[in-house]
Amino acid sequence: MMHMSKQNQIRLDAEFFSGTALDMAPKLLGSKIFRRFLDGSVKSFTITEVEAYMGENDKANHASKGKTPRTQVMFKAGGYIYVYLVYGMHWMFNIVTGGEGSPEAILLRGVSGCSGPGRLTRMLEIDSRLNGMHLNDLKDLWIEKAQQNISYSAGPRIGVDYAGEYWSKIPWRFWINPQEY
DNA sequence: GGGACGATTGAA
DNA sequence: TCAATCGTCCCA
């Protein structure tokens with residue numbers, strides 16, 4: 001007999017992330033990321049802010065410069081993890097989306113109680129060891145579907161001025177409206 | 001081998 | 001406003 005509390009907990013997997021980054025980024029809002037820490041404890045945090053990076057045309061996307069050792073994971077099918085170091089000190093956590101050969105990912109920028117992509121990876125003990133792993137295989141990190149529809153806002157992505165007028169302004173950052181959580 | 005640069009953060 | 005800090009990528 002299935003335990004009642006498990007009934008509505010749907011773990012997001014490769015199927016969910018086979019959608020495009022642009023479609024799935026706002027759908028991630030309100031879902032919960034679970035982390036089993038080194039000390040064995042498990043905590044969950046609501047995902048409150050994300051950004052979509054879409055394909056080779058997107059000049060803000062690392063993969064716009066083609067497939068390199070760093071970006072090759074983005075070319076895989078949805079569900080893989082892309083972690084990289086920026087400014088020599090902050091780990092960025094992304095979930096690859098879309099079909100094989102289409103370099104897309106969703107960057108986690110905020111969770112409940114923690115704003116900022118570098119801060120949240122530090123809090124969640126995320127580093128390069130997760131790079132290239134697949135969400136379906138992980139036992140100590142997973143994401144559960146949002147229980148309800150969430151109202152959200154959209155605006156330009158942060159820190160991508162190098163991408164030029166169009167790509168730096170396109171509203172592909174999404175965040176939960178504050179009253180929602 | 002060298003140099004420029006970055007999907008950020010925290011302190012001045 | 002600005003330094004920290006180092007992996008990645010490009011050029012030679």
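Chain A is the first sequence line, chain B the second, and so forth, proteins listed ahead of strands; every chain is numbered from 1.
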Does A:Lys27 qualify as a cation-pi partner of A:Phe16, given the criterion of NZ or CZ under 6.0 Å from the six-membered ring centre and within 45 degrees of its axis?
no
Give every residue pair that meets the ring-ring contact (aromatic ring centres under 6.0 Å, His included) criterion with at least one member in residues 130-151 of chain A, sequence neighbours excluded.
A:Phe34-A:Trp142, A:Tyr80-A:His134
Criterion salt bridge (charged side-chain N to carboxylate O under 4.0 Å, His left out) on A:Asp13 and A:Lys145, from CA distance to verdict:
CA-CA 10 Å; A:Asp13 58 8; A:Lys145 189 178 189 296; over 6 Å; no
Separation of atom CG in A:Leu108 from atom P in B:dA7, rounded to whole Å
17 Å
If we count only N and O atoms by modelled type, under 3.5 Å, do the side chains of A:Ser151 and A:Asn177 hold a donor and an acceptor together?
yes
Rounding to a whole Å, what distance do you find between A:Trp91:CH2 and B:dA7:P?
14 Å
Applying the 5.5 Å / 30° rule, does A:Tyr84 stack onto the base of C:dG7?
no
Counting only non-hydrogen atoms, which of residues 119-131 of chain A are less than 4.0 Å from DNA chain B?
A:Arg119, A:Arg122
How many whole angstroms separate atom CD of A:Glu49 from atom C1' of B:dT8?
13 Å
Could you check how far CE of A:Met92 sits from C1' of C:dT8, rounded to whole Å?
15 Å
Please list residues of residues 63-72 of chain A whose heavy atoms come under 4.0 Å from any atom in DNA chain B, ordered by number; otherwise none.
none
Quick test of your reading of the model: are A:Arg109 and A:Glu51 salt-bridged, counting only N-O distances below 4.0 Å?
yes
Dot-bracket for DNA chain C, 5' to 3', Watson-Crick and G-U pairs with both distances under 3.5 Å, [ ] for crossing pairs, | for partner on another strand, reads ||||.||||||.
Donor-acceptor pair (no angle test) under 3.5 Å: A:His62 side chain, B:dA7 base
yes
Under the rule for ring pair (Phe, Tyr, Trp, His ring centres under 6.0 Å), what residues qualify as partners of A:Trp167, not counting sequence neighbours?
A:Trp172
Is it possible for you to check whether A:Arg70 lies under 6.0 Å from the centre of the six-membered ring of A:Tyr84, through NZ or CZ, and within 45° of that ring's axis?
yes
Do any N or O atoms from the side chain of A:Ser41 and from the backbone of A:Phe37 form a donor-acceptor pair under 3.5 angstrom?
no
Any donor-acceptor pair under 3.5 Å from A:Arg35 side chain to A:Leu124 backbone:
yes
Picking from C:dA4, B:dT8, B:dA7, which would you name as closest to the side chain of A:Leu107?
B:dA7
Can you tell me how far C1' of C:dT8 sits from CE of A:Met74, to the nearest Å?
15 Å
A:Asn57 side chain to A:Ser64 main-chain N or O, any donor-acceptor pair under 3.5 Å?
no
Under the 3.5 angstrom rule, does the side chain of A:Glu104 hit a backbone N or O of A:Ala21 as a donor-acceptor pair?
yes
List for me each residue that meets side-chain contact (heavy atoms from CB on, under 4.5 Å) alongside A:Ser18, sequence neighbours excluded, and say none if there are none.
none
Ignoring hydrogens and angles, answer whether the base of C:dA4 and the side-chain atoms of A:Tyr87 contain a donor-acceptor pair closer than 3.5 Å.
no
Starting at CG of A:Asp161 and ending at P of B:dT8, how long is that distance when rounded to a whole Å?
10 Å
A:Lys59 NZ to B:dA7 P, straight-line distance once rounded to whole Å
15 Å
Rounded to whole angstroms, how far apart are CG on A:Leu85 and P on C:dC6?
8 Å
Among the nucleotides B:dT8, C:dT5, B:dA7, whichever has the atom closest to the side chain of A:Tyr162 is B:dA7
